[in-house]
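Report on the structure given below.
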Amino acid sequence: MRFEGVHHVTCITGDAPGNVTFYTGVMGLRLVKKTINQDDPTVYHLFYADEHGSPGADITFFEYPGASSGRAGDGMVHTITFRVGSEEALDFWESRLATHGVTTSRRDGTLRFDDPERLGLELAVSATGDAPLVARHPDIPSELALQGFDGVRAYASDPERSRALLEQVLGFSPRGADAWGVRGADRGGSYAYDAPPADLGVPGAGTVHHVAWASTMEDHAAWQRRVTEAGMRATPAIDRFWFRSVYFREPSGVLFELATLGPGFAVDEELEHLGETLVLPPTFEHRRTEVEKILTPLPDPRAGWAG
Ligand code: ZN
């Protein structure tokens, strides 16, 4: 059993409208699902991805309106890395982000910057042959667009605490000091630790809530058993409607999810109309009127697009 790289990364925003504007308008991702946090149906859960809403390209945000800003610390993911196709793509993004007032720093095939809530993002020239997972945007040529995740970097004061779990239980392969790769039949991803800052982490806007690794449908139950047998306090498989999920905190403190590749976002919306309306899982549909009254109205990211 091997994970097909990163499935999704879930973060926290205090400003859903600003979040939509940045991730669709600036970064060029597609809003593929506008729904609610299934553990707190009074707030949004927004999913941005490639044109098809593919696992591997899916950055998601829980909205807590007006949440104070957080800060990554020990046991938290601090940087999310997306792939791009070339150094020319980094040139493009360096210039595009500057135009949008985003300060970047470029080094060794990567471009590092923060989103408007100071979430750490990085673009890296892809060193894999994995299929590019690309969204359409009128101002971003597809060969320069984001191509899905490479991986995440977290802070850990003692990465050795996680090594046995990562390598012997989860099938991650060492790739240099405190860094690992994980590769399935179609896609791969990366995971790495850096020494934490002195200040403690604070969950809040602009921080990562969890990272999900992609499991095939067939392997999912076996992964749940395997991590439980390894001593992790894993949840049972939870039906998230678009995928199934198991959660546990790995020994360094990062919340991991194991999520299935299917059935996917097109089970309840046509591909052409993903993300356009508020979608509620069937078990929440009876609360639609109540929920719609509470949620902050959001712009349609593709309003005014020709074609
Ligand atoms: Zn998740």
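Atoms within each ligand, like the ligands themselves, are counted from 1 in listed order. For reference, positions follow the sequence shown, starting with 1.
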Examine the side chains of [X] and [Y] and answer whether a donor and an acceptor come within less than 3.5 Å of each other.
X      : Y      : answer
His45  : Thr35  : no
Glu94  : Thr104 : no
Gln147 : Ser126 : no

message: Taking 2.8 Å as the cut-off, does His209 contribute an N, O or S atom near the Zn ion (ligand 1), distance below it?
response: no
| task | Please find out if the Zn ion (ligand 1) and some N, O or S atom of His7 are separated by less than 2.8 Å. | result |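 Within the cut-off used here (under 2.8 Å), His7 places no N, O or S atom near the Zn ion (ligand 1).
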Rounded to 10°, the NE2/His210 to the Zn ion (ligand 1) to NE2/His8 angle comes out at 120°
All heavy atoms of Arg30 vs all of Ala135, minimum pair found to be N-CB, 3.7 Å
query: Of all the N, O or S atoms in Glu257, which one sits nearest to the Zn ion (ligand 1)?
result: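 Answer by atom name: OE1.
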